[in-house]
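Here's the structure, in structure tokens; my notes come after.
These numbers come from the heavy atoms of this one structure, side chains and all, not from hydrogens, waters or symmetry mates.
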Amino acid sequence: MASLVHHVTIDCADTYRLGTFWAAVLDTRIGDDDQPGDPEALVETEGVSILFIAVPEGKVVKNRMHFDLQPTDRTRDEEVERVSALGATLVADHRRPDGSGWVTLADLEGNEFCVERSAAERAAGS
């Protein structure tokens with residue numbers, strides 16, 4: 001049997017703050033044992049768990065890997081508004097006049113992620 005991805009691990013300065021942000025984005029909770037100031041925090045999702053680990057150095061360059069989010073119960077634009085209200089910031093807007101494209105945002109520590117069209121939007125556009 002091949003290996004399984006157990007966690008996607010993200011280095012960060014404040015595990016609890018960033019874990020809480022991502023838990024809100026993914027409509028889940030941060031681990032029950034996780035507290036402010038802990039050196040790690042876990043966010044479990046249906047697909048894969050995300051582990052936040054405290055490191056002393058800050059983010060310096062663009063991520064080599066990032067999340068692409070696809071909303072399940074709202075449009076891409078509604079999701080961009082929702083995660084922006086949670087604290088995400090706009091990095092680049094790649095939406096096209098025909099409705100295709102995506103939006104690149106950054107989380108509370110500057111890690112980039114993208115919001116794509118929902119499956120319903122993709123189906124309607126094909």
Is it true that, when you exclude D68 itself, more than 12 heavy atoms of the residues, nucleotides or ligands shown sit nearer than 6.0 Å to its CG? yes
So does R82 pair up with E79, basic N to acidic O under 4.0 Å? yes
Looking only at atom types and distance, does a side-chain atom of D38 sit under 3.5 Å from a main-chain N or O of A41, one as donor and one as acceptor? no
Min side-chain heavy-atom separation S49-H6 under 4.5 Å: no
Do T89 and L105 touch side chain to side chain, with heavy atoms closer than 4.5 Å? no
Check whether any side-chain N or O of E112 sits under 3.5 Å from a backbone N or O of N63 as a donor-acceptor pair, and report yes or no. yes
Flag for D77-T75: side-chain donor and acceptor within less than 3.5 Å: no
Exam field: side chain K59 to backbone V61, donor-acceptor pair closer than 3.5 Å: yes
Does T28 use its side chain to pair, donor to acceptor, with the backbone of A23 at less than 3.5 Å? no
Does A13 offer a backbone N or O that forms a donor-acceptor pair with the side chain of E109 under 3.5 Å? yes
Looking at D33, I want to see if its CG is surrounded by more than 12 non-hydrogen atoms of other residues, nucleotides or ligands under 6.0 Å. no
Looking at R76 and E121, would you say the former's side chain and the latter's main chain have a donor-acceptor pair under 3.5 Å? no
Give a yes or no on whether the backbone of A106 and the side-chain of N111 come within a donor-acceptor separation of less than 3.5 Å. no
N/O donor-acceptor pair under 3.5 Å between S100 side chain and R96 backbone: no
F21, V43: one ILVMFWY side-chain cluster at the under-4.5 Å cut-off? yes
Does the separation of the ring centres of W22 and F113 fall below 6.0 angstrom? yes
Looking at D11, T9, T15, which one forms a side-chain contact (heavy atoms from CB on, under 4.5 Å) with F52? T15
Side chain proximity check, D14 to L108, heavy atoms < 4.5 angstrom: no
Does CZ in R29 sit with more than 12 non-hydrogen atoms of other residues, nucleotides or ligands closer than 6.0 Å? no
Hydrophobic cluster membership, V5 vs L26, 4.5 Å side-chain cutoff: yes
Would you call H94 and T104 a side-chain contact if the rule is heavy atoms closer than 4.5 Å? yes
Only one of I10, V8, L42 clears side-chain contact (heavy atoms from CB on, under 4.5 Å) with L51; which? L42
Is I53 reachable from I50 through a run of I, L, V, M, F, W or Y residues, each pair having side-chain heavy atoms under 4.5 Å apart? no
In this structure, would V91 and L86 fall into the same cluster of hydrophobic residues linked by side-chain contacts under 4.5 Å? no
Counting only N and O atoms by type, is there a donor-acceptor contact under 3.5 Å from the side chain of Q70 to the main-chain atoms of V115? no
Would you call T20 and L18 a side-chain contact if the rule is heavy atoms closer than 4.5 Å? no
